[in-house]
Amino acid sequence: MSSVVNETYDVCVIGAGHAGCEAALACARLGLKTIIFTVSMDSVAMMPCNPNIGGSSKGHLVREIDALGGQMGINIDKTFIQSKMLNKSKGPAVHSLRAQADKAAYSMEMRSTLQNTDHLTLRQAEVCEILVEDDHITGVKTFSGATYYCKACVICTGTYLRARCLYGDVIEHTGPNGLKAANYLTESLISHGIEMMRFKTGTPARIDSRSIDFSKMEEQFGDERVVPFSFTTNPDDVQIDQVSCYLTYTNEETHKIIRDNLDRSPMYSGVIEGTGPRYCPSIEDKVVRFADKKRHQLFVEPEGLHTNEMYIGGMSSSLPEDVQYAMYHTVPGLENAKIVRNAYAIEYDCINANQLYATLEFKKIRGLFSGGQFNGSSGYEEAAAQGLVAGINAAMEILGREPLILDRSESYIGVLIDDLVTKENREPYRMMTSRAEYRLLLRQDNADLRLSKIGHRIGLISDERYDWVCKKEKLIEEEIKRVKEQRIGANEEVQNLLLSFDSIPLNTGVSLADLIRRPELSYDCLAPIDKNRPSLPQEVCDQVNINIKYEGYITRQLKQVEHFKKLESKKIPDSIDYDDVNSLRTEARQKLKLFRPLNIGQASRISGVSPADISVLLVYLEQGKYQK
Amino acid sequence: MMYETDTIAAVASAMSNAGIGIIRISGPDAIVICDQLFQGKVKLSEADSHTVHYGHIVWNHEMIDEVMVLVLRAPRTYTREDTVEIDCHGGVLMMEKILSCVLEAGARPAEPGEFTKRAFLNGRIDLSQAESVMDVIQSKNELALKNSMHQLNGMLSSKIRSFREDIIYEIAYIESALDDPEHISLEGYSDSLLIKVERLMKELDHLIQTADHGTMMKEGIQTAIVGKPNAGKSSLLNVLAGRERAIVTDIAGTTRDTLEEQIKIHGISLNIIDTAGIRETDDLVEQIGVERAMDCMKDADLILYVVDVSKPLDESDDQIMREIKDRKVIVLLNKSDLTPVVSEKDIREYLDCKIISFSAKEHTGLDCLEDHIKEMFFHGDLDMNDEIYITNARHKYALKSAYESLSHTRESILNQMPEDFFSIDLMDAYEQLGYIIGESVEDDLVNEIFQKFCMGK
């Protein structure tokens with residue numbers, strides 16, 4: 001009996017996907033003895049679906065992860081094969097980076113980072129049980145019976161818990177890509193009072209590039225000048241030879257085949273129980289729900305430099321294999337396509353994140369944290385962001401330090417987590433810029449200014465990086481002041497420059513800021529007539545330009561944030577008994593008891609809690625303050 | 001969005017067409033705001049605290065009313081904030097008019113129970129009263145909501161709903177293009193948006209004009225006359241209306257079987273609804289009338305239950321009394337001039353309320369009824385509809401804010417701002433319009449995006 005393995009760590013991380021890797025790295029880098037478990041050493045930071053990192057609002061998340069000292073940005077900068085800044089023609093708040101990854105390289109690079117980090121052990125094993133004493137996590141047990149004692153544990157099981165993959169009537173009880181599912185942990189979690197639910201998602205087929213006729217598709221190139229994700233990456237280091245993606249379309253014939261075979265889809269026959277996301281519907285969903293659309297776009301994207309596999313973006317499906325062949329073959333360029341991996345839907349166990357605090361710690365079990373798809377989200381970036389926060393907070397708890405709670409006014413990560421823990425999510429949660437109410441302030445270009453200080457305080461951002469951010473902040477402030485005071489006269493040189501940009505000439509002198517605000521002009525293009533301009537790094541110039549140009553809107557949002565912060569700072573004590581607050585409406589009382597918000601701001605965002613309920617709560621809290 | 005440090009205003013006196021009306025303004029800018037519309041011997045901002053000033057309210061060069069203004073500086077005020085009270089010449093229209101001037105000058109309409117809430121949060125009210133403060137807030141809110149729902153002119157709320165649908169569609173379009181730029185293009189979009197925004201602005205402006213004429217809300221205590229057929233309900237309405245003929249205004253009946261009359265009793269506004277007689281019937285048309293009568297009963301603030309004492313109580317009476325048991329009810333024992341077979345005692349068995357012997361034919365009992373309504377009102381049993389004035393003001397305020405947000409959108413389009421800025425202002429307009437019909441934003445946008453637009457992957 002004594003032959004069983006027993007080891008002791010500070011932190012156990014279950015799962016080495018995008019969430020787990022960030023969680024484990026954060027803990028180890030903060031000096032904690034950390035072990036991270038994976039069902040397969042070959043699936044570390046695996047990308048089982050789309051071969052890219054970033055995209056609208058997700059790119060913001062990656063920049064924020066980077067500013068807090070996470071790894072995702074650095075890892076993709078080293079392994080991308082094409083990169084694009086999306087929405088460049090729109091406002092700066094919605095510019096968003098997206099890079100195509102070499103999947104294998106991405107995974108290997110991350111594995112090597114984990115294996116070369118001090119205090120960190122990477123271990124292939126399936127965790128089957130969590131050990132809890134007095135509502136506090138004490139360790140985990142693996143399939144082999146080994147016990148790993150710990151002070152904190154982060155669950156990042158992604159889509160592996162009791163996973164099953166489906167297409168047609170084929171059901172495989174595996175995780176993604178045929179990897180082993182984790183079939184035991186769910187039961188252990190339930191036995192400790194955690195409520196589980198079931199979500200589903202899906203992925204399209206991968207097709208052999210040699211069987212594709214690219215001449216029938218539109219080639220899509222990367223940006224000429226690539227912007228890196230990480231603030232630590234030298235932009236000159238990412239100007240690589242990029243590979244192309246291709247654009248093609250479905251057609252009426254494709255849709256007919258799909259419609260004729262709907263009854264063979266497990267989604268429609270009712271075999272799938274899990275709730276799928278509305279934002280990345282399967283092709284059969286699109287054909288049914290948007291019946292009037294004659295065609296749907298498909299993006300054909302390489303999975304890496306050392307594989308022939310091409311990802312068929314826009315055509316995920318759970319139709320049977322033969323229907324998959326038939327429908328892919330109707331697409332221009334895919335007439336002779338050879339499928340390398342079938343499209344499939346995957347179902348998995350996850351939780352409703354209202355069981356967590358905004359620290360991502362379970363309300364019921366101290367020391368137990370969770371992140372990623374397990375929390376009901378979707379997407380690599382959403383996962384990594386949560387993993388980082390969960391890891392940091394596991395570390396903060398062990399070290400007896402203040403937890404990290406990012407709010408909605410300082411980051412997309414804050415929006416993501418706040419939404420997860422205070423809203424009732426009925427589908428896998430995806431980040432969107434429209435979810436961020438203060439998005440003009442939460443730009444991808446200023447993530448370092450917003451979050452590096454926090455990253456530094458935590459201990460994941462170096463003094464050197466921190467010092468630069470402080471300096472940058474000061475330079476921006478000084479230059480904005482100068483630009484507002486700098487007068488520009490109506491002289492010939494000025495008028496000529498204005499005319500060259502189709503801008504109306506001046507009648508009288510104006511400030512330089514006034515000119516920058518004109519839509520056709522910018523800080524940069526006015527350089528020739530701005531004689532006193534100091535020499536500044538481009539990233540400083542960009543910030544000055546944005547802050548001047550959109551000052552009106554930015555000021556408005558800053559005001560809203562001020563009010564928001566007031567509500568967030570009104571804490572609700574842990575000990576509150578909502579049954580004691582008589583005037584609350586029943587619905588509000590139930591919701592408040594369920595979510596147990598940390599502050600008045602959070603409470604006000606819970607659906608079913610009215611402004612009157614919030615007023616009642618404020619009065620109640622005030623009363624309690626004096627009674628104590 | 002409720003700010004706790006801005007300046008709020010509301011009508012503070014009981015609603016009434018008689019006597020003096022009081023507008024109360026509280027918050028850091030209360031005095032500065034009132035200075036903009038008050039013309040008297042002294043500037044209010046230079047006046048001592050707790051002093052009264054005679055003068056006029058003048059807004060947009062128009063003399064509105066002759067007033068007394070009370071200047072109260074923090075902290076010795078009800079809310080412990082700077083407070084101004086404007087005593088005007090009573091009258092519903094005058095109070096509304098002055099309130100809307102105050103709002104235009106920069107105050108915000110107070111939320112239900114907000115003065116009380118501030119008084120408490122600023123330490124003015126004893127802690128032992130916290131419980132009742134919470135009750136006041138909650139009940140006033142419920143009432144305001146009810147007012148919004150039931151008294152909002154039906155046309156208006158359906159219009160606002162359709163504006164909101166139009167707006168959220170545009171936002172969703174922009175947002176889905178931002179989230180999925182490779183699927184949805186915004187090429188040429190701002191031109192078409194401009195046309196839509198200008199159309200919405202025009203329609204909103206029209207609504208605001210309507211609101212200024214005070215026709216947004218049905219005013220007064222919602223009073224339903226109920227009873228069996230031929231109990232004398234219509235006679236009661238005629239008697240009440242006839243007596244006050246001079247100030248009666250007709251509101252065209254929205255349905256052919258209920259009739260509404262606005263009357264005033266001792267200066268208290270009542271919106272009296274005469275309903276179809278309630279009884280079991282197989283006649284389909286009559287059934288609809290009965291259903292409507294039941295609905296009216298549910299929404300009413302006050303129920304006048306007319307009983308024909310010359311006929312014995314039956315199942316229909318049982319049904320009515322079950323429905324109105326816990327409501328504000330006055331029972332009128334009508335036809336008291338005939339030989340009664342129903343006594344006050346018979347009713348007492350079911351209902352604990354005021355019972356008045358009455359004859360519509362001979363006009364007896366009418367004084368007693370009017371006195372009792374007045375008494376209920378001044379005891380606060382019927383004070384709820386004070387909220388209607390402020391509800392009306394809140395609606396106008398929201399309409400104007402929505403209009404301003406649309407006008408911002410228009411400016412941004414004309415200034416060639418990027419499309420993502422449009423949706424910020426459009427969202428504000430959407431939110432403001434939602435206040436009027438009691439709907440918040442929640443996940444509307446995300447739902448609209450997924451429902452109307454096909455997203456990638």
Side-chain angles (χ1 to χ4, degrees), chain A residues 49-50 55-57 86-87 89-94 96 204 220 247 277-281 286 289-290 293 296-297 299 313-314 316 423 432-435 437 439-440 519-520 550 553 556-557 560 563 566 581-585 607 610-620 622-623 626-627, chain B residues 1-5 111-114 116-117 120-121 123 127-128 130-142 144-145 171-172 174-183 186 412 415-421 423-425 427 440 442-443 445-447 449-451 453-457:
Chain A
C49 194
N50 53 314
S56 186
S57 77
L86 301 176
N87 283 330
S89 66
K90 311 199 175 84
V94 294
S96 222
Q220 309 263 304
L247 172 62
R278 285 174 297 175
Y279 45 80
C280 56
K286 289 188 203 177
R289 287 185 41 219
F290 300 96
K293 280 200 90 171
H296 292 278
Q297 276 180 323
F299 289 94
S316 79
K423 290 192 176 153
M432 299 164 84
T433 68
S434 55
R435 298 192 196 267
E437 49 276 74
R439 74 174 172 209
L440 287 182
E520 64 278 9
Y550 308 110
Y553 276 90
R556 245 169 75 195
Q557 293 215 326
Q560 289 167 356
H563 173 63
K566 256 184 213 148
V581 193
N582 288 327
S583 303
L584 284 175
R585 289 170 316 114
S607 88
S610 73
D613 295 317
I614 292 300
S615 292
V616 164
L617 211 49
L618 282 169
V619 169
Y620 179 83
E622 193 69 12
Q623 182 190 24
Y626 290 102
Q627 278 172 352
Chain B
M1 197 52 114
M2 256 194 302
Y3 290 77
E4 276 159 42
T5 51
E111 297 293 326
E114 199 171 4
T116 313
K117 176 181 141 192
F120 181 85
L121 292 180
L127 285 168
S128 63
E131 205 64 38
S132 63
V133 170
M134 289 188 270
D135 285 343
V136 165
I137 292 172
Q138 198 60 268
S139 66
K140 287 207 170 192
N141 268 282
E142 270 166 30
L145 192 67
I171 304 173
I174 297 172
E175 291 302 320
S176 51
L178 297 176
D179 267 313
D180 208 349
E182 284 159 328
H183 272 84
L186 290 175
S412 297
N415 289 334
Q416 299 169 38
M417 294 285 275
E419 294 88 346
D420 49 308
F421 288 86
S423 58
I424 293 174
D425 288 320
M427 203 63 201
S440 55
E442 309 258 324
D443 284 335
L445 175 58
V446 173
N447 290 333
I449 292 175
F450 294 150
Q451 208 163 46
F453 303 99
C454 182
M455 306 284 286
K457 207 168 131 173

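Chain A is the first sequence line, chain B the second, and so forth, proteins listed ahead of strands; every chain is numbered from 1. Since this is a predicted model, take the numbers as computed values, not measurements.
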By a 4.5 Å heavy-atom criterion (distance strictly below it), what part of [X] contacts chain A: side chain, backbone, both, or neither?
X: B/S176; value: neither
X: B/A172; value: neither
X: B/E182; value: both
X: B/I449; value: side chain
X: B/I174; value: neither

Do the rings of B/F421 and A/Y550 sit parallel, tilted or perpendicular, given the 30° and 60° boundaries?
parallel

Would you indicate whether the side-chain heavy atoms of [Y] and [X] approach each other to under 4.5 Å?
X: B/D420; Y: A/R439; result: yes
X: B/L178; Y: A/M432; result: no
X: A/S56; Y: B/D180; result: no
X: B/F450; Y: A/P281; result: no
X: A/R556; Y: B/D425; result: yes

Would you mind checking which part of [X] comes under 4.5 Å of any heavy atom in chain B, side chain (CB onward), backbone (N, CA, C, O), both or neither?
X: A/L440; answer: side chain
X: A/E437; answer: neither
X: A/R585; answer: both

Output the option from A/V616, A/L617, A/L247, A/T433 having the highest count of non-hydrogen pairs under 4.5 Å with chain B.
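Among A/V616, A/L617, A/L247, A/T433, the one with the most close pairs to chain B is A/V616.
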
A/K293: side-chain contact (heavy atoms from CB on, under 4.5 Å) partners, not counting sequence neighbours
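A/K293: side-chain contact (heavy atoms from CB on, under 4.5 Å) contacts with A/F290, A/H296, B/C454.
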
For the side chain of A/R435 and the backbone of B/V446, is there at least one donor-acceptor N/O pair under 3.5 Å apart?
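Such a contact is absent between A/R435 side chain and B/V446 backbone.
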
Quick one: salt bridge (Lys or Arg N to Asp or Glu O under 4.0 Å) partners of A/K90, sequence neighbours excluded?
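A/K90: no salt bridge (Lys or Arg N to Asp or Glu O under 4.0 Å) contacts found.
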
What's the spacing between B/E419 CD and A/N87 CG if we round to 0.5 Å?
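So the CD of B/E419 and the CG of A/N87 are separated by 9.0 Å.
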
